[in-house]
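Just follow the structure's listing: the first ligand is 1, and inside any ligand the first atom is 1.
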Amino acid sequence: MTKTIVIKIGTSSLTQPETGQLALSTIATLAETLCHLRQEGHRVVLVSSGAVGVGCARLGLTERPKAMALKQAVAAVGQGRLMRIYDDLFTTLSQPIAQVLLTRSDLVQRSRYLNVYNTFQELLGLGVIPVVNENDTVAVEELKFGDNDTLSALVASLIEADWLFILTDVDRLYSADPRSVPDAQPISLVNNLKELAALQIQTGSQGSQWGTGGMLTKISAARIAIAAGVRTVITQGRFPHNIEKILAGEPLGTHFQPQPEPTSARKRWIAYGLVPAGKLYLDTGAIAAIAQGGKSLLAAGIKTVEGNFEAQAAVQLCDHQGTEIARGVVNYSSEELEKIRGCHSREICTILGYVGAETVIHRDNLVLT
Ligand SMILES: Nc1ncnc2c1ncn2[C@@H]1O[C@H](COP(=O)(O)OP(=O)(O)O)[C@@H](O)[C@H]1O
Ligand SMILES: N[C@@H](CCC(=O)OP(=O)(O)O)C(=O)O
């Protein structure tokens, strides 16, 4: 049966750790594997990092640049180089590919989000393998995906993929970073988010020398993907053939079971497409109503308003400690919310001097995160 499969490969797998030079045999095997998947009729998307790493190697830089402008310039050098290599390999195997460079802002506006969706559908319909990366050269700090793990999960969610493979330089997820904790326990299967929380996985703060997010961003990517109904696997990039073995049922890597009832496409856009412009801190009654009761958010449950935003902005809904529990699109601006927070809905008209919405966030515009 035809499946839609997203494969994300990180810099740590695409380059050799000692020199930063391209890991040609890995890339060639990856191309072969993806072509096999295409020949079997699957729809395949590759999310490839490496623009900055390859750009550094090309320019003789020995460490990943920290300054934004330099990083953007280096990515411009590396992205072209990377695509040249992919195109050479895939062309040898008679497989057409396409470059898709995305920025966070492409997903914020609903019309652009749908446009990106349509472009993917056309490319996949044409039998092309889209090769996706963040458009590092133009992305601005406030509107960055920041790491391709998140980007790959958002792409998998957007196109409603069946599988997301996150290829990295470790064979699977461990209870702690196996580089610094030698007795860290391997994790083969995560059945749901509750189980994930109970595992209390330690990730350290960052990844390998050339990687960006480390394991932390892979876990949050898995959370986004499974909420969208995408089965997610973290596995080793050095052996791309393992993807086919995993699809055939071999127990390799760490598997995250998809949520049985995926969040709707529009709610996924609210949760992960939109960029929150502020925070609302809620009382315990409001949290229970939203989290357990599936209710709308009323002004009475808001304790504190943080940030400056207009009506129709996305905001994070947090408990008193600032832990996010949900996101939603507000019916009131931050200025209005300052006036009506803690009040009963029937008082809104008197306080503001006009009739507004009864809810601050209607449940159709609210999604648990
Ligand atoms: N709990 C963990 N399990 C496995 N690896 C971990 C864990 N915590 C941190 N890591 C580190 O994450 C690294 C992979 O992240 P990163 O370098 O960003 O890879 P990539 O370039 O593939 O995105 C591994 O090399 C490993 O040292
Ligand atoms: N867009 C960046 C990749 C950022 C990133 O997430 O890197 P990695 O942790 O290696 O997957 C690049 O192409 O260099």
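- Closest heavy-atom approach to atom 8 (P) of ligand 2 within the set Gly214, Ser49, Ser12: this belongs to Ser49.
- With no hydrogens or angles considered, no side-chain donor-acceptor pair links Gln259 and Arg223 at under 3.5 Å.
- Of all the heavy atoms of Asn133, the ones lying under 4.0 Å from any atom of ligand 2 belong exclusively to the side chain.
- One option in Arg172, Lys218, Gln236, Arg179 has a heavy atom closer to atom 27 (O) of ligand 1 than any other, and that option is Arg179.
- Residue Val170 touches ligand 1 through its side chain alone, judged by heavy-atom distances below 4.0 Å.
- With hydrogens and angles ignored, the 3.5 Å screen pairs a side-chain donor or acceptor of Thr254 with a backbone N or O of Leu173.
- In summary, the side chains of Thr369 and Glu324 do present a donor paired with an acceptor at a separation below 3.5 Å, with no hydrogens or angles considered.
- Heavy atoms of Gln79 stay at 4.0 angstrom or farther from ligand 2.
- The shortest N/O to N/O separation between Ser12 and ligand 1 falls below 3.5 Å.
- The backbone N or O of Leu366 lies less than 3.5 Å from a partner atom in the side chain of Lys267, making a donor-acceptor pair.
- In this structure, Gly50 has a heavy atom closer than 4.0 Å to ligand 2.
- Ranked by closest heavy atom to atom 14 (C) of ligand 1, the top entry among Leu199, Asp171, Thr217, Thr168 is Thr168.
- Under the 3.5 Å distance criterion, the side-chain polar atoms of Arg327 are left unmatched by any main-chain donor or acceptor of Val367.
- Taking 4.0 Å as the cut-off, Leu167 counts as a neighbour of ligand 1 on heavy-atom distance.
- Applying the side-chain contact (heavy atoms from CB on, under 4.5 Å) test between Leu34 and each of Ile7, Val131, Ile5 identifies Ile7 as the sole match.
- For Lys8, every heavy-atom contact with ligand 1 shorter than 4.0 Å involves the side chain, none the backbone.
- Counting heavy atoms under 4.0 Å from ligand 1, residue Met215 touches it through both backbone and side chain.
- Contacts between Ala184 and ligand 1 below 4.0 angstrom, taking non-hydrogen atoms only, are absent altogether.
- Using 4.0 Å as the threshold, Gly214 has a heavy atom nearer than that to some atom of ligand 1.
- The pair Asp283-Lys303 does not count as a salt bridge, with every side-chain nitrogen at least 4.0 angstrom from each carboxylate oxygen.
- Residue contacts with ligand 1, taken as heavy atom pairs separated by less than 4.0 Å, do not involve Leu216 at all.
- Looking at Thr15, its side chain does come within 3.5 Å of a backbone N or O of Thr11 through a donor-acceptor pair.
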